[in-house]
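Numbered from 1 within each chain, the chains take letters A, B, ... in sequence-line order. The shown structure was predicted, so the numbers you read here are calculated from the model rather than taken from an experiment.
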Amino acid sequence: MSLTPYARKLSLEDAAHLLRRTAFGATDAQIRALAGRDAREVAREQLTFSDERASGNPFDPAQAVTPGAGIQLTRGAWLFELLYGPQPLREKLALTWSNHFVIGTDKVRNVPMLAAYLDLLRRHAAAPDFAQFAVEVAKSPAMLRYLDNDQNRRGKPNENFSRELLELFTTGIGHYTEQDVHEGARALTGWTFEGGRGKEHFLEEPRFVFRANQHDAGSKTYLGKTGNFSGEDIVRLAATQPQTAVFVSRKLHRAFVRDVPDERAVAASAETFRRTNGSVRAVLEELLASEVFYAPENRAAIIRGPVEFIVGAVRTLGQPRLDAKQVLGLTQTAGKMGQLLLQPDTVKGWDGGREWINDSVLLTRMQVAAALTLGGKAPELKEQPSPLALLGRERSPLGAALDGLGPKQRTYLTLISPEFQLA
Amino acid sequence: MPLDRREFLKYSALAVAATSGMPGFLARAATQAAGSGSLKTLVVIQLTGGNDGLNTLIPYSNGAYYAARPNIAIPKKDVLTLTPDLGMHPALKPLMGLWDAGQLTWMENVGYPNPNRSHFASMAIWHTADPTQAQAEGWIGRIAEKIGDPFCASNLGSMTPQALRAADFSLPSIDGVDNFQLKLPAGLDAPFGTMLNASRTGEAAYLQRATRQMIANTQKVQQNVSKYRPGAKYPEGKFAAQLQDAARLIAAGTGQRVLYVTLGNFDTHAGQRAEQDDLLGQLASGLAAFSADLEAQGLADRVLLMGFSEFGRRVAENASAGTDHGKGSVMFALGRGVKGGIHGDSPDLENLSEGDIRYKQDFRGVYAEALTRWLGLDARSILGGDFKGPGWVA
C-alpha cells in the first residue's frame with residue numbers, strides 16, 4: 001500500500017499550498033509558474049538539490065572572536081540562507097532534521113562542529129539511506145559532544161546517546177528495553193573526537209576518532225540480536241527497525257501534511273520507507289505528489305513555527321533585503337517565540353503544532369509583522385502580495401475587515417491573521 | 001461551587017465572546033475584575049532534565065553514597081548539615097535561613113509506579129499526574145477547568161508546559177510582564193477586531209480563540225502590574241527574572257492560583273559537579289530573593305512554593321563524572337505554609353531498583369496536599385484518585 005498519487009494538474013491554489021509547505025511561502029509569480037504542472041514532476045524537481053547557496057551572505061562564523069559570537073553568526077548565516085537561499089526545501093528539511101537529530105549550542109560551542117553538523121543535515125536532507133544518515137550523525141563531533149558519547153568508555157558506559165538514539169532518533173519509545181539502552185551504550189564506547197575542545201579552540205576543526213582501548217568489544221544483545229556489535233552496527237540496527245520507518249514517516253507527515261497526522265497515511269509512507277531501504281527521498285517524493293498532501297482537510301493544517309512564520313513572511317513579501325542587523329535580530333525574535341535555531345529546549349526538540357502558540361508568542365508575531373510592514377525600517381515593496389501569496393486563496397477570506405485600509409496595513413493585518421499563521 | 005467541564009467550556013466561550021464584541025472590545029476585556037486578592041497562590045518550580053536528588057539532599061553519613069560516587073560525591077566537609085544523616089549541597093546555602101526558620105521542607109524518595117527513564121515520558125507523567133499517560137491534559141489545566149477560570153494559572157516563560165494544558169486551550173505563558181501587552185498600530189483596533197471575528201474552523205479557529213484569550217489576559221495583567229514595588233534584589237538571569245515576574249503578578253493581585261517557573265539543563269551525564277553546582281546556585285539565590293521579596297511585600301502568608309524534577313539520577317556515577325537517568329528523587333517546598341523539615345527516610349542505598357533509588361512516596365500525594373490543604377480544591381477530582389501525602393503542608 002502506498003499513497004494514492006494526485007492525478008490532477010496543479011491549480012493556482014494547489015501550487016500555493018505546495019509552496020507554503022516546501023518553500024515557506026512564495027510570491028504570486030512563483031505560484032503562477034507552477035500552476036498547470038504535474039504534481040510528481042514538480043515534487044521531483046523540488047527534491048533535486050544542487051550545492052547552490054544564497055549569494056551575499058553577510059555572516060561568516062569563522063570570523064568570530066568568541067564562541068558566543070560564533071554561534072550567533074552561525075544562526076545568522078542559517079537564517080539568511082532560509083530567507084534568501086535558492087533551495088528553500090533543502091533548508092526546510094535541514095530545519096526538520098535539526099529538530100530530529102537534535103543538538104544544542106548550550107553544549108556545542110565549536111564553530112566548525114556546528115558547520116559540519118549543518119552540512120550533514122543539508123547533504124542528507126532528502127537522504128536516500130536513512131541508516132547511513134544516522135551513522136554519520138552519530139559520528140559527528142556535534143552529536144558526540146551534545147549527548148556525551150565522546151565520554152562513553154568501557155566499564156561504566158555513558159548511556160545518554162544510546163538512549164536518545166532509540167527513543168528520539170529511530171524506533172521511538174515502547175520499542176526497546178532498558179537492556180537495549182545499556183547494551184547499545186557498550187557498543188558505542190570508544191567513539192569520541194579529537195581537537196576543538198575548550199573555549200580557546202572554538203575555531204579549531206575536530207575530527208572523529210575511535211579509541212579501541214576504551215571500546216567494550218564483548219558480545220552484546222541489542223534489539224533481539226546478539227553479536228560482537230560495533231557502534232556502527234547498533235546505529236544501523238536501530239535505524240533499520242521496522243518501527244523506525246513509522247517513527248521517521250510520522251515526523252515527515254508532521255512537517256509536511258498536518259500537525260496531527262493520519263496514522264493510515266503514515267503507515268503507507270512507512271511501507272515506502274521500508275520497501276526502499278530507508279529512502280527519505282522516495283518517501284518525500286511520493287508524499288508531496290499524493291492525494292493526502294493535496295486533500296482539502298490537510299490544507300492550513302500546520303501551525304507555522306516561529307522560523308516558518310518569519311521566513312514565510314519575508315518570502316511572501318518577495319524576499320526584500322533586510323540588513324544584517326535585522327537578520328540577527330530575527331534569529332533572537334524566533335528564539336523569543338520558542339525556536340532559537342540550533343538550540344531547542346531539550347533533546348526532544350520542538351513539539352510544534354499548538355505548542356507553538358501562547359500569549360507571548362502571539363504578541364511577538366504581531367511585532368514581527370509590524371516591523372516587516374509598518375515599522376520605520378520596514379522594507380519598501382514594489383507591490384503588496386496578493387491573497388494567493390499571503391493566504392493560498394484566490395479570494396481573501398478576510399474580506400470586509402481589510403476594506404478601506406492602505407496596502408501596508410492590509411498586509412500587516414493579513415500577516416497576523418490566523419490564516420497566515422497556518423501552512 | 002465548581003463547574004463541571006461542559007459548563008466550564010460554555011462559560012469560557014461566553015467570556016471570550018464578551019471580550020470580542022466590536023467596537024471597544026479591548027476595553028470590555030479589561031472589566032473582568034481580578035477580585036481575588038485574598039486567595040492563596042501555589043508556585044511550582046520545575047527542574048528540567050532530571051535533577052540528581054542524591055547530590056541535592058546528601059546522605060552524608062552513608063558510606064555507600066561515597067563508595068558509589070568516588071568523583072562526584074559532595075565531600076562531607078562541604079555539606080550543609082540539616083540532620084545527623086542529611087545535608088544540603090553547598091550551593092543551596094542561600095536557603096539556610098529558610099531552613100532555620102522552619103520554612104523549607106524536603107521530601108525523600110518521591111516517584112511513581114513503573115518509573116520511566118525517558119525525560120519526556122517521565123515529565124509527561126508529572127505534568128498529567130497520570131503514570132499511564134492516558135491523560136493528555138495537565139493537572140493544572142484540570143484545575144482551570146475545575147475553577148472555571150482560564151486565567152487561574154500562568155506559566156512564566158516562553159513555552160507553555162503540558163501541565164498547563166486543558167482540553168481545548170492552554171493557560172497563559174507570560175514571557176516578561178512588561179512586554180505582555182497588546183500594542184496595535186494607530187487606527188487598526190476596529191479592523192483587527194473585524195478580522196478576528198471572521199468565521200473559522202479547524203486550526204484557524206484555534207488560533208482565533210487563542211488570540212481572543214490573549215487579548216483578555218494581557219488586559220488583565222496590565223491593569224494591575226503597576227502596583228508592584230520590588231522588596232528584594234534578585235540575582236541576574238532568566239530564572240530569577242521569572243521569579244520576580246511571579247512576585248509582581250502576586251503583588252498585583254492578577255488572581256492566578258498557580259504560577260509555574262522552570263529551570264533547565266539538569267541532564268548531567270558528564271562533568272556533573274560543575275553543571276549541577278551552578279544550577280543549584282541559581283535555584284537557591286533566585287528562591288531566596290523571591291522569598292525575601294514576598295516577606296517585604298507582606299505576601300509571604302499567601303504563597304507556597306513546591307519544586308520537582310522528572311526523575312533523579314542513578315546512584316553510581318558513570319565513567320565521565322556524571323550520572324545517567326534514575327528513578328526516585330527528592331522534592332522540596334518552601335514558604336510559611338510548609339511543615340519544615342525532612343519528610344520520609346534517607347534513601348536506602350543498599351536496596352536499589354536497577355541501580356536506582358526506589359520510590360516510597362507517590363508524587364500525586366504531594367500534589368494532593370497542595371491541592372486540598374493549600375488551594376482548597378478537591379484533589380480527587382483533579383488527580384483521579386486518593387493519594388496520601390507526607391504531611392508537608394502545615
Kindly compute the distance separating CZ (B:F180) from OG1 (B:T254), expressed to the nearest 0.5 Å.
9.5 Å
Flag the pair B:F308 / B:N51 as yes when at least one side-chain heavy-atom distance between them is below 4.5 Å, and no otherwise.
no
Output the option from B:G271, B:S199, B:S173 having the highest count of non-hydrogen pairs under 4.5 Å with chain A.
B:S173
Region of A:E164 in contact with chain B, defined by heavy-atom distances below 4.5 Å:
side chain
As an exercise: rank A:E178, A:R354, A:E419 by heavy-atom pairs under 4.5 Å with chain B and give me the winner.
A:R354
Can you tell me which of B:L171, B:L207, B:T201 forms the most heavy-atom pairs within a distance under 4.5 Å of chain A?
B:L207
A:R304 and A:D259 ion-paired at < 4.0 Å:
no
I need the full list of salt bridge (charged side-chain N to carboxylate O under 4.0 Å, His left out) pairs touching residues 174-188 of chain B, with sequence neighbours left out, sorted by first then second residue.
B:D178-B:R248
Among the options A:Q367, A:M366, A:Q409, A:E355, pick out the one with the most heavy-atom pairs lying under 4.5 Å from chain B.
A:E355
Segment of B:S170 engaging chain A (4.5 angstrom heavy-atom cut-off)
side chain
Let me know if A:L413 has heavy atoms under 4.5 Å from chain B in its side chain, its backbone, both or neither.
both
Of the listed B:R200, B:Q181, B:H325, the one with the largest count of heavy-atom pairs under 4.5 Å with chain A is B:R200
Assert top hit (heavy-atom pairs under 4.5 Å, partner chain B, pool A:L398, A:I357, A:L374) equals A:I357
Of B:D267, B:D324, B:D356, which meets side chain to side chain donor-acceptor pair (under 3.5 Å) against B:R313?
B:D267
With chain A as the partner, which of B:L188, B:N217, B:N179 has the greatest number of non-hydrogen pairs under 4.5 Å?
B:L188
Filtered by a 4.5 Å non-hydrogen cutoff, the part of residues 149-159 of chain A contacting chain B is A:Q151, A:R153, A:K156, A:P157, A:N158, A:E159
Does the side chain of A:F101 come within less than 4.5 Å of A:M143's, by heavy atoms?
yes
Checking the side chain of A:H215 only, and the main-chain atoms of A:W191 only, is there a donor and an acceptor separated by less than 3.5 Å?
no
Under a 4.0 Å threshold between the charged nitrogen and the carboxylate oxygen, would A:D148 count as salt-bridged to A:K107?
yes
Ion pair A:R258/B:E203, N-O distance below 4.0 Å
no
Can you tell which part of A:W350 gets under 4.5 Å to a heavy atom of chain B, answering side chain, backbone, both or neither?
neither
For the candidates B:S118, B:G322, B:G49, which exhibits the highest count of non-hydrogen atom pairs separated by less than 4.5 Å from chain A?
B:S118
Quick check: do A:V347 and B:F120 have side-chain heavy atoms less than 4.5 Å from each other?
yes
Would you check if B:F169 and B:P150 make a side-chain contact, meaning some heavy-atom pair closer than 4.5 Å?
yes
For B:T218, is it the side chain, the backbone, both, or neither that has a heavy atom closer than 4.5 Å to a heavy atom of chain A?
side chain
To the closest 0.5 Å, what do you measure between CD (B:E317) and CG (B:N71)?
4.5 Å
By number, which residues in residues 154-162 of chain B have some heavy atom less than 4.5 Å away from chain A?
B:S158, B:M159, B:T160
Would you find a donor on one side and an acceptor on the other, under 3.5 Å apart, between the side chain of B:E310 and the backbone of B:T48?
no
Pairwise ring-ring contact (aromatic ring centres under 6.0 Å, His included) hits with a residue in residues 395-423 of chain A, at least two apart:
A:F309-A:F420
Residue, of A:L168, A:D351, A:I302, that accumulates the most heavy atom pairs under 4.5 Å with chain B
A:L168
Anything under 30° is parallel, anything over 60° is perpendicular, the rest tilted; go ahead and classify B:H119 against B:H269.
perpendicular
Is there a donor in the side chain of B:Q272 and an acceptor in the side chain of B:D52, or the other way round, less than 3.5 Å apart?
yes
